[in-house]
Amino acid sequence: MGCAQGKCCLPRHPRRGSDADAVGGGATLGRAAVPGAGLVLEYAALAVAGLYPDSTARESQDAHLVATRFAGDPDLHLFAVFDGHGTAGTACAGFARDALPRLLASLSLASAADPTAAFREAMLGANAEMHAAPEVDDSMSGTTAVAALVSGGALHVANVGDSRAIAGVWRAGRVVAEDLSWDQTPFRADERERVRACGARVMSVEQVEGMRDPEAERWAPDEGDPPRVWARDGLYPGTAFTRSLGDLAAEAIGVIAEPEVKSVEITPSHLFFVVASDGVFEFLSSQEVVDRVATYQDPRDACSAIAAESYKLWLEHENRTDDITIIIVHIRDMESVGAPKF
């Protein structure tokens, strides 16, 4: 693939001491072959707990998963991020991290032939198991889930919520962000109308409190409180997303666990992909994240730089930071880098 992917044309920072020290720990590095497609995946993951000055003992509510040679298949590799919320958010994210790969594997990876059906069954199954688990109270808590499955020369991404997956694609002399998932929030007209059809109200906190016209729909993504999902007759659940795992009380008003799935063929132009929680994307656009990844040779440094920048931007806008989790997967030509030694 070589220069067809633009790798030799990009300015790259060499491997160095990372920015991770500023945000609490270093990224981990791994490599995995995809022999059926002649590819090598070089990946790094970094999780940084949020800063909450009023809750110094708070646990991170993010979880993530890297499962290479998934289900024993050398051509299958699974990467996922889960962003919990609510008082039991940590438990919900951890439960989903454990349940989703188990359920996917139990399907004998029909995902290779029908990834949409497989991801749908696995995520709905994880949601049902969470509801039934006595150790997890998901009545008013839950988690997002975004999962990317490399299957030979294809990439399948399933998403519920507002964590995100993107790819860096070489196009017209530059690296361009390609969406691999779509945030499911009330900002989207189709999602807004879907939950309303289930009986939900969609308003920001300011509208609920009478500070703004409750009928207005001119919400700006970077101004004030976002639109949220509310029960018709109560001040709950107030979710800023329209799909999730868990959130039992919100299911009746349309907050569902059915994922949207996108499949793409991995081409020589696909340089890398990123799976991350909204702690990264709250103040950085998909293109800004891709631009930063493209300047680093080592995905560990890219993870650290993006986490540090996200952390800084949170503190510039608020007196806290969200949990930040990011996985970066570089896609290499096996002939250029050689197969990993196992």
Side-chain angles (χ1 to χ4, degrees), residues 1-13 27 29-45 66-70 73-81 111-112 115-116 119 146-159 163-182 260-276 280-281 284-303 305-306 326-340:
M1 296 181 182
C3 198
Q5 292 192 357
K7 291 186 172 74
C8 62
C9 305
L10 295 172
R12 296 295 188 100
H13 296 304
L29 178 70
R31 296 178 75 207
V34 191
L39 301 174
V40 171
L41 307 178
E42 187 174 67
Y43 57 88
V66 174
T68 57
R69 299 176 63 89
F70 183 61
D73 189 327
D75 281 328
L76 293 176
H77 308 278
L78 181 65
F79 306 87
V81 167
S111 50
T116 299
F119 269 122
V146 58
L149 177 69
V150 175
S151 177
L155 178 60
H156 309 296
V157 176
N159 181 57
S163 294
R164 190 181 301 177
I166 58 176
V169 182
W170 184 255
R171 188 176 297 151
R174 62 187 291 257
V175 184
V176 176
E178 176 183 315
D179 290 328
L180 298 175
S181 66
W182 304 274
E260 293 180 305
V261 182
K262 180 174 181 177
S263 297
V264 299
E265 178 186 355
I266 298 173
T267 71
S269 296
H270 285 87
L271 308 184
F272 54 82
F273 62 89
V274 179
V275 184
V280 169
F281 293 106
L284 290 174
S285 69
S286 294
Q287 187 61 52
E288 288 172 326
V289 170
V290 160
D291 289 343
R292 283 163 172 78
V293 175
T295 63
Y296 290 91
Q297 294 177 350
D298 192 301
R300 290 173 293 182
D301 291 329
C303 282
I306 291 167
I326 182 168
I327 303 171
I328 297 173
V329 183
H330 284 207
I331 304 170
R332 316 283 196 192
D333 185 343
M334 188 179 289
E335 292 183 0
S336 301
V337 300

**Fill in**
Between Arg69 and Pro74, the two heavy atoms sitting closest are NH1-CB, 3.4 Å

**Message:** Any heavy-atom pair between the side chains of Leu29 and Pro299 that's under 4.5 Å?
**Reply:** yes

**Request:** Could you tell me whether the side chain of Leu155 reaches within less than 4.5 Å of the side chain of Leu149, counting heavy atoms only?
**Result:** no

**Message:** If the condition is salt bridge (charged side-chain N to carboxylate O under 4.0 Å, His left out), which residues does Glu260 pass it with, not counting sequence neighbours?
**Reply:** Arg188

**Prompt:** So, for Leu78 and Ala147, which heavy atoms are closest and what is the spacing to 0.1 Å?
**Reply:** CD1-CB, 4.2 Å

**Message:** For Ser163 versus Val81, what's the shortest heavy-atom pair and its separation?
**Reply:** OG-CG1, 4.4 Å

**Message:** Among residues at least two apart in sequence or on other chains, which ones pass side chain to side chain contact (heavy atoms under 4.5 Å, CB included) with Asp73?
**Reply:** Asp75, Leu76

**Request:** Please report the closest heavy-atom contact between Ala294 and Val175, naming both atoms and the distance.
**Result:** CB-CG2, 4.1 Å

**Prompt:** Distance from Phe281 atom CZ to Glu288 atom CD, nearest 0.5 Å?
**Reply:** 10.5 Å

**Item:** Separation between CG of Leu284 and CD1 of Ile326, rounded to the nearest 0.5 Å
**Value:** 9.0 Å

**Atom pair OG1/NZ of Thr116 and Lys262 - distance to nearest 0.5 Å** = 12.5 Å

**Message:** According to side chain to side chain contact (heavy atoms under 4.5 Å, CB included), who are the partners of Ala165, at least two apart in sequence or on a separate chain?
**Reply:** Val146, Val157, Leu180, Ser181, Val275

**Message:** Between Ile331 and Leu41, is the side chain to side chain contact (heavy atoms under 4.5 Å, CB included) condition met? List the steps.
**Reply:** CA-CA 5 Å; Ile331 304 170; Leu41 307 178; 4.2 Å; yes

**Prompt:** What's the spacing between Leu39 CG and Ile266 CD1 if we round to 0.5 Å?
**Reply:** 6.0 Å

**Fill in**
For residues 265-275, the salt bridge (charged side-chain N to carboxylate O under 4.0 Å, His left out) pairs (sequence neighbours left out) are none

**Close side-chain approach of Val40 and Val34, heavy atoms under 4.5 Å** = no

**Asked** Would you call Tyr43 and Ile328 a side-chain contact if the rule is heavy atoms closer than 4.5 Å?
**Response** no

**Message:** For Val169, give me all partners under side chain to side chain contact (heavy atoms under 4.5 Å, CB included), at least two apart in sequence or on another chain.
**Reply:** Ala167, Arg171, Glu178, Ser269, His270

**Partner residues of Phe273 under the ring pair (Phe, Tyr, Trp, His ring centres under 6.0 Å) criterion, sequence neighbours left out** = Phe79

**Request:** Please identify each residue that fulfils side chain to side chain contact (heavy atoms under 4.5 Å, CB included) with Gln287, with sequence neighbours left out.
**Result:** Arg174, Val176, Ala177, Ser285, Val290, Asp291

**Item:** Contact summary for Ala27 and Ala44, nearest pair of heavy atoms
**Value:** CB-CB, 4.3 Å

**Message:** My understanding is that only residues two or more places apart in sequence, or in another chain, count here; which of them pass side chain to side chain donor-acceptor pair (under 3.5 Å) with Ser286?
**Reply:** Arg164

**Item:** Test item: side-chain donor near acceptor, Ser263 and His156, under 3.5 Å
**Value:** yes

**Item:** CD on Glu42 to CZ on Arg31, rounded to 0.5 Å
**Value:** 6.0 Å

**Complete:** What one should report as the nearest heavy-atom pair of Ala32 and Thr68 is CB-CG2, 3.7 Å

**Item:** Any donor-acceptor N/O pair, His330 side chain to Phe272 backbone, under 3.5 Å
**Value:** no

**Message:** Checking the side chain of Asn159 only, and the main-chain atoms of Trp182 only, is there a donor and an acceptor separated by less than 3.5 Å?
**Reply:** yes

